[in-house]
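Heads up, the thing below is written out as structure tokens.
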Amino acid sequence: MPVKTRFAPSPTGYLHIGGVRTALFSWLYARRHGGSFVLRIEDTDRERSTAASIQAILDGMAWVGLDYDEGPILQSDRFPRYAALAEEMLARGTAYRCYCSREELEAMRAQQVARGENPRYDGRCRERKTAVAGVSPVIRLRSPRAGTVVVHDLVRGDVSFNNADLDDVILMRSDGVPTYHFGVVVDDADMGITHVIRGDDHLTNTPRHIHIQQALGVSVPTYAHLPMILGADGGRLSKRHGAVNVLEYRDRGYFPDALLNYLVRLGWAHGDQELFSREEMIELFDLAAVNTAASRFDPDKLRWLNQQYMLVRDRRQLAGEFAAYMAHRGQPQEAGSALEKVVDAYRERAATLEEMMQASHYVFNDFNEFDEKSAKQHLKQSALPVLTGVLQGLQALATWEREPIHAVLQAVAADLGLGFGKVGQPLRVAVTGGAVSPPIDITLEVIGRERVLRRLQMAQAFAQARVS
RNA sequence: GCUCCCUUCGUCUAGCGGUUAGGACGCAGCCCUCUCAAGGCUGAAACGCGGGUUCGAUUCCCGCAGGGAGCGCCA
């Protein structure tokens with residue numbers, strides 16, 4: 001039987017980073033085994049589900065490039081199917097109508113907790129023969145009360161549960177909408193899902209799902225429960241640990257491949273290897289090698305990984321991505337030099353496109369003030385002959401390229417009997433406004449003749465004013 | 001409270017009875033160097049605790065402690 005996996009988020013918000021990891025592992029498993037991957041939207045919670053969330057999920061999936069062979073399938077399109085199955089179960093006696101009010105159930109649970117028991121439905125409507133007037137009932141599963149269920153989990157091994165600890169789960173709400181438990185089971189069966197790969201938080205739901213499958217007479221899929229991703233402090237991953245919305249990583253200038261590479265190493269490893277292309281992930285991924293312990297999200301490592309991708313990116317592609325990113329951020333981008341040269345100059349100094357934009361700010365934007373500390377240190381009297389000499393040399397330059405620029409600087413340094421550092425720093429402050437930039441000759445090339453000459457004059461005036 | 005899961009450097013992890021417990025991020029130092037990076041080298045840093053089993057436990061078993069999840073007409 002060919003492998004078929006699915007990712008089944010509920011559209012109650014953006015696509016979460018933890019969700020992407022779950023989707024990735026399901027996708028990898030399907031791709032690894034030449035199977036198919038389904039995207040299913042679990043929108044049975046009609047109050048919280050929104051069209052905007054569905055769109056956010058689709059956008060997120062598209063951005064990270066996790067393609068699906070079927071879907072998006074909406075559960076809300078399938079309501080008649082669940083209702084029909086529930087009726088069949090009623091007829092067969094594997095399910096029954098429950099007329100208990102929410103208040104009644106709440107009181108029941110409160111009493112059980114007070115007695116130190118596991119709060120659960122006590123089955124009081126199991127044998128009820130008559131309807132209660134004016135009450136629209138829910139439909140509950142008549143689940144076994146004795147014996148055990150065992151979940152054969154690909155990452156945990158066998159996990160067994162006592163049926164006595166489980167209660168009769170609600171299949172259909174009183175308004176005729178299926179619950180999550182019924183929806184997943186029916187859909188996984190109808191769609192022929194062979195492997196259910198999902199978060200660890202569903203492990204204790206699995207015995208209930210198996211009961212439903214048995215009542216339905218469908219086969220039990222293979223389960224694999226993935227460890228959770230926690231925040232840096234070990235708590236549930238949330239906004240305060242950095243971005244949890246995938247699209248925020250796009251907006252911060254991360255590469256989707258780097259994000260996926262980071263995520264695949266959370267709970268999975270292949271020896272000491274850190275860098276995995278998509279193809280390698282697919283080739284090497286194995287559920288048996290998935291860890292059992294939860295892991296913590298480390299933004300620093302993601303950042304490092306992103307730079308590793310930045311470093312080896314094709315220059316033309318990177319330039320295109322950088323241009324698109326700047327446009328996305330509303331950054332004007334007439335540079336003095338080609339964008340390819342800019343990205344080559346800054347890729348070593350930026351882990352993300354956002355950082356690249358910040359680091360190369362002066363290439364695209366004019367300024368009228370120098371960084372105070374840098375100016376104080378480098379734009380002083382001793383810098384005047386340097387600025388003057390360089391200005392003259394550059395004005396006379398025929399081709400504005402790194403090598404001839406470098407030759408000019410070298411000549412000025414030699415003329416003045418200065419080390420290169422005494423030339424580079426004042427220049428750097430003059431043309432960038434600060435003390436940090438790529439090698440000065442490259443910096444000048446990339447900023448462009450017009451801006452460089454203008455800034456040199458500005459710096460000259462600045463230093464002159466300080467002297468007098 | 002009850003049920004289930006988990007436990008190797010700060011973090012991600014390798015390990016699958018005998019290792020100087022390896023790698024990566026981060027951190028520190030050095031080298032390179034016109035600044036900052038990138039890169040190279042070096043360093044500090046871990047088997048939660050207690051019992052077993054065994055000639056020998058990080059590794060297998062049992063407790064404990066600590067963490068996490070579930071116990072909804074949410075998913």
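Only heavy atoms go into these numbers, but all of them, side chains included; no hydrogens, no water, no symmetry mates.
Considering only the side chain of A:Asp45, B:rA75 comes nearest among B:rA75, B:rG23, B:rA24. Of the listed nucleotides (B:rA69, B:rG23, B:rU3), B:rA69 has the atom at the smallest distance from the side chain of A:Asp201.
Pairing for B:rG70 is with B:rC2, a Watson-Crick or G-U wobble pair whose two hydrogen-bonding atom distances lie under 3.5 Å. Nucleotide B:rG43 forms a Watson-Crick or G-U wobble pair with B:rC27, both donor-acceptor distances falling under 3.5 Å.
Residue contacts for A:Asn291: at a heavy-atom cut-off of 4.0 Å it reaches the sugar-phosphate backbone alone, with no base atom in range. Within 4.0 Å (heavy atoms only), A:His225 reaches no atom of the nucleic acid at all. Residue contacts for A:Leu311: at a heavy-atom cut-off of 4.0 Å it reaches the sugar-phosphate backbone alone, with no base atom in range. Contact annotation for A:Gln307: backbone-only contact, meaning every heavy-atom pair under 4.0 Å involves sugar-phosphate atoms and none involves a base. Heavy atoms of A:Arg428 sit under 4.0 angstrom from at least one base atom.
Taking side-chain N and O atoms only, A:Ser295 has no distance below 4.0 Å to OP1 or OP2 of B:rU11. Side-chain N/O atoms of A:Thr204 include none lying less than 4.0 angstrom from OP1 or OP2 on B:rC5. Close to B:rC25, at under 4.0 Å from its OP1 or OP2, lies no side-chain N or O of A:Arg303.
When the C1' atom is compared between B:rU58 and B:rG18, the two are found 12 Å apart, to the nearest whole Å.
Below the 3.5 angstrom threshold, one finds a donor paired with an acceptor across the side chain of A:Asp272 and the base of B:rG22. For B:rC5, its base never sits under 3.5 Å from the side chain of A:Thr292 at any donor and acceptor pair.
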